[in-house]
K.L.:
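A single structure is presented below for examination.
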Amino acid sequence: MSLPQFYDQGCLIAVLTTQPLGRALDYRAPEGGCPLGAFVEVPLGPRKVLGVVWGPGKGDYDLSKIRAAYRVLDAAPMREEMRDFLQRAAAYTLTPLPAMLRLATRAPGLGDPPSMRKIYRRGSGLPDKKTAARTKVLEALAHYGDLSFTLKELAEMAGVGPSVIKGLVAQGVVREEDSPRDLPFARLDPNLPGNALTPDQATGATRLAEAVRSERYGTTLLRGVTGSGKTEVYLEAVAAALSAGRQALVLLPEIALTAAFLTRVEARFGARPAEWHSGATMTERRRIWRMVGQGGAQLVIGARSALFLPFQNLGLIVVDEEHDTSYKQEEGVLYNARDMAVLRASIAGCQVVLASATPSLESWANAQAGKYARLELTSRFGPAVLPEMRAIDMRGESLPANRWVSGDLQRAVEARLARDEQSMLFINRRGYAPITLCRACGHQIGCDDCDARMVEHRFLKRLVCHQCGESKPMPTVCPACAAEDRLAPVGPGVERLGEEAALLFPDAKIATLSSDMYGSARALKAEIESIAEGAADIIIGTQLVAKGHNFPKLTLVGVIDADLGLQGSDLRAAERTFQLMRQVAGRAGRAEKPGTALLQTYQPEHPVIRAILAGDEEEFWAAEAREREAAGVPPYGRMAGIILSGTDVAQVFDAGNLLARQDAPLRKIGAQVFGPAPAPIARVRGRHRVRLLVKAEKSAPLQDALARWVGHLRIKGDLRVAVDIDPQSFY
Ligand code: ADP
Ligand code: ZN
């Protein structure tokens with residue numbers, strides 16, 4: 001059914017707001033009328049709120065009470081394809097539509113009139129009196145030809161005070177003009193010569209470019225070992241989109257969004273793309289949102305939420321490191337940006353490239369099933385070869401207490417130090433020690449609000465709960481038995497490993513990298529860049545360093561505890577360990593010198609450890625796929641998690657039991673319910689948590705059944721229900 005595209009003043013319209021109301025409300029079109037999809041300001045009770053014209057009004061409300069929308073905002077109307085996307089994403093994730101709309105309007109000042117600022121450029125004539133300061137201003141302007149600047153920029157460039165410039169304005173020698181604050185991004189040039197591609201890369205680039213030019217939906221899994229040039233290849237697909245006058249979006253895990261990456265994109269296209277991430281300022285966000293909507297931004301490089309920007313003419317979405325778990329948003333709206341990228345592209349009729357060295361089993365299976373095309377890059381670029389991988393059998397080691405670096409690993413690091421090469425010691429644990437134990441009474445310090453141990457962060461001199469983020473000063477007295485000075489750290493974290501390394505390698509420059517040690521993402525990225533340039537001999541890091549960085553001098557990676565991720569019952573434990581280990585190992589030997597990865601393990605015979613070492617990825621995926629298929633779990637079956645939480649533990653369990661008993665809607669589709677069971681972390685921020693798990697066949701209409709099932713539940717008190725479709729974590 002096609003909707004009218006324009007509503008004259010006074011017509012009944014349905015407006016969806018970002019307020020949690022459940023559905024669009026009827027209004028009358030404002031003065032001058034409004035197009036379908038227009039962003040409007042409407043009255044809601046005593047307030048003015050933002051909304052989108054979603055279609056004709058329903059007319060099922062007292063007509064005399066219907067109010068008029070105040071005005072149409074100065075923003076490109078939301079396109080049908082975007083409304084469709086939000087609706088289908090909401091239905092898939094069982095999220096109320098207003099919450100979805102909030103994701104799509106996350107830019108400040110959407111309702112503001114286009115704001116202006118003063119800019120300055122060369123006027124005509126010469127100043128009445130020539131002073132040194134005035135000459136500097138004129139020279140600065142002459143140097144930059146026809147460009148214009150803000151007062152502050154120009155004053156800084158010329159090294160004069162603003163009053164000098166104002167004086168020149170008064171004489172017409174400098175012109176002062178009004179200019180919109182949000183300017184389009186610099187044009188990117190897809191025709192600049194890129195790097196000469198290897199034959200493998202060229203084949204891939206051609207296939208992707210052709211797909212983009214088809215202007216049809218399609219997804220390609222671009223698989224290639226780290227350093228094989230996946231980025232080079234997908235940038236050619238971006239070029240094809242830009243050449244066709246369409247927009248492109250490259251999604252990266254937040255931490256991989258480095259200056260080095262942006263510089264590379266800039267080198268390829270001659271100008272900087274728009275950059276959307278959590279560190280962007282409000283002004284930057286507003287500019288990007290508006291320019292994406294008006295076509296003034298051709299390419300956006302962004303984290304997860306960039307997927308909800310109002311692209312007008314999207315030709316390509318790249319999801320780099322597509323297996324990365326950070327694509328799943330675990331708070332608020334629970335969605336997987338990779339899956340939603342595929343949904344958005346299928347609606348917009350554009351291409352998706354999923355790039356990874358170690359694809360998720362989901363994407364691998366989709367490629368196997370022929371739903372995704374598949375492209376392979378099999379060797380590293382240039383002289384770089386894949387690292388040699390070996391296990392260090394820790395059962396034969398007799399390390400002193402509180403030491404984790406084996407003799408073999410120590411010698412390997414020493415050899416790198418002697419050759420002026422970098423080493424990385426990897427441990428996937430933040431903080432100093434995972435456990436703080438009282439040697440007098442055996443008490444382990446836990447969080448007051450969560451069922452979780454508190455982790456000592458010596459750098460911050462605090463104990464931190466990794467669940468809720470709560471922290472407290474490191475006590476000197478045991479909170480249980482009051483014994484003094486008997487608290488001891490147990491086990492290694494990244495900070496403690498840094499201490500050990502300082503002992504073992506006293507002359508080395510050691511950099512310990514952990515997300516919580518740097519005030520901001522920017523500071524951390526700056527640190528990583530200086531390390532890449534050689535500022536450290538030994539890098540100690542968590543999984544943060546495993547992702548996407550290029551350390552040319554790095555030739556050794558030592559994994560302190562390769563078994564860590566294999567514990568626990570997560571269905572993806574094997575997959576995750578495999579991915580992480582291959583990813584970390586891939587940091588080594590990315591330039592001329594070959595790399596080595598050493599994995600310390602207590603179970604060298606474990607099939608996953610053996611698969612990691614053997615490097616036979618296809619065999620690993622096939623084996624893992626067989627197991628999942630036999631168990632009927634994703635990607636061969638469907639799952640959903642229900643998390644009930646509240647402060648009253650009995651009430652939370654009652655609700656869980658009730659759900660488990662009244663499972664008729666699920667039985668109807670052949671789905672099974674497991675639980676309720678206390679969640680692995682049974683209390684977070686003072687709220688008790690109970691989980692149910694639903695398993696269904698792949699083709700079952702799961703969302704409908706879940707909606708009916710959970711919809712029955714009467715929510716009392718502060719009980720909350722979250723439905724997690726395709727859960728990735730089970731905490
Ligand atoms: P991946 O994304 O697969 O990890 P990259 O695209 O980052 O690989 O390439 C790895 C390194 O090799 C980068 O420094 C890149 O600049 C370089 N490289 C890859 N292909 C080429 C090429 N055809 N010409 C020049 N440099 C290349
Ligand atoms: Zn806590």
Side-chain angles (χ1 to χ4, degrees), residues 190 192-209 220-240 248 250-253 255-270 273 299 301 316-324 338 352-360 363 374-387 422 424 525 528-529 531-534 543 545-555 557 579-595 597 615 617:
L192 289 179
N195 286 322
L197 299 181
T198 65
D200 252 16
Q201 293 174 346
T203 311
T206 309
R207 292 236 323 253
L208 292 181
T220 304
L221 177 60
L222 173 60
R223 190 179 151 226
V225 295
T226 20
S228 58
K230 293 184 294 297
T231 313
E232 294 292 327
V233 172
Y234 72 62
L235 286 181
E236 293 316 303
V238 170
V250 175
L251 292 179
L252 294 173
I255 191 64
L257 238 169
T258 59
F261 182 85
L262 289 156
T263 307
R264 218 169 138 182
V265 176
E266 186 176 355
R268 174 65 185 83
F269 298 117
L299 171 61
I301 310 284
L316 172 71
I317 307 176
V318 176
V319 185
D320 200 355
E321 314 275 1
E322 67 89 29
H323 63 280
D324 199 281
R338 176 201 52 208
V352 180
V353 174
L354 304 177
S356 174
T358 51
S360 60
S363 299
R374 188 164 158 169
L375 275 177
E376 299 275 334
L377 298 175
T378 46
S379 55
R380 283 193 156 179
F381 175 73
V385 290
L386 277 180
Q422 284 178 324
M424 176 186 288
K525 279 175 197 162
I528 289 176
E529 272 145 35
I531 290 171
E533 282 157 20
Q543 67 170 347
V545 296
K547 294 178 186 175
H549 306 296
N550 202 348
F551 301 107
K553 287 180 68 186
L554 185 77
T555 59
V557 168
Q579 285 161 341
L580 187 57
M581 293 299 115
R582 303 282 310 172
Q583 205 83 33
V584 182
R587 294 305 114 207
R590 294 197 51 161
E592 298 83 41
K593 297 189 181 125
E617 314 207 334

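Counting starts at 1 for both ligands and their atoms, following the listed order. What you are looking at is a predicted structure, and each value in this text was computed from that prediction instead of being measured.
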K.L.:
Considering only heavy atoms of N195, which atoms of ligand 1 have at least one such atom less than 4.0 Å away?
P.N.:
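Counting from 1, the qualifying ligand atoms are 22 (C), 24 (N), 25 (C), 26 (N).
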K.L.:
Minimum heavy-atom separation for P253 and E321, please, with both atom names.
P.N.:
CG-CB, 3.8 Å
K.L.:
Would you mind running through ligand 1 and noting each atom that sits below 4.0 Å from a heavy atom of A196?
P.N.:
22 (C), 23 (N), 24 (N)
K.L.:
Rounded to the nearest 0.5 Å, how far does CG of L221 lie from CD of E376?
P.N.:
7.5 Å
K.L.:
Got a second to check how far L354's CG is from L375's CG, nearest 0.5 Å?
P.N.:
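Answer rounded to 0.5 Å: 11.5 Å.
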K.L.:
Tell me whether ligand 1 is touched by D320 - counting only heavy atoms on the residue side and a distance under 4.0 Å.
P.N.:
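D320: no contact with ligand 1 (<4.0 Å).
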K.L.:
Suppose we screen for side chain to side chain donor-acceptor pair (under 3.5 Å). Which residues come up paired with E236, at least two apart in sequence or across chains?
P.N.:
R268
K.L.:
Measuring only between side-chain heavy atoms, which start at C-beta, is I531 closer than 4.5 Å to Q422?
P.N.:
yes
K.L.:
Counting each atom of ligand 1 from 1 as listed, which ones have a heavy atom of V225 under 4.0 Å away?
P.N.:
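That gives atoms 3 (O) of ligand 1.
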K.L.:
Quick check on contacts: which atoms of ligand 1 are under 4.0 angstrom from a heavy atom of L197?
P.N.:
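Every atom of ligand 1 under 4.0 Å from some heavy atom of L197: 23 (N).
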K.L.:
Can you check which of R264, K230, R223, Q201 brings a heavy atom nearest to atom 3 (O) of ligand 1?
P.N.:
K230
K.L.:
Pull out every atom of ligand 1 sitting under 4.0 Å from any heavy atom of G229, numbered as shown with elements.
P.N.:
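Numbered from 1, ligand 1 contributes 1 (P), 3 (O), 5 (P), 6 (O), 8 (O), 9 (O), 19 (C).
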K.L.:
Which residues satisfy the side chain to side chain donor-acceptor pair (under 3.5 Å) test with S360, sequence neighbours excluded?
P.N.:
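Residues passing side chain to side chain donor-acceptor pair (under 3.5 Å) with S360: E322, R338, S363.
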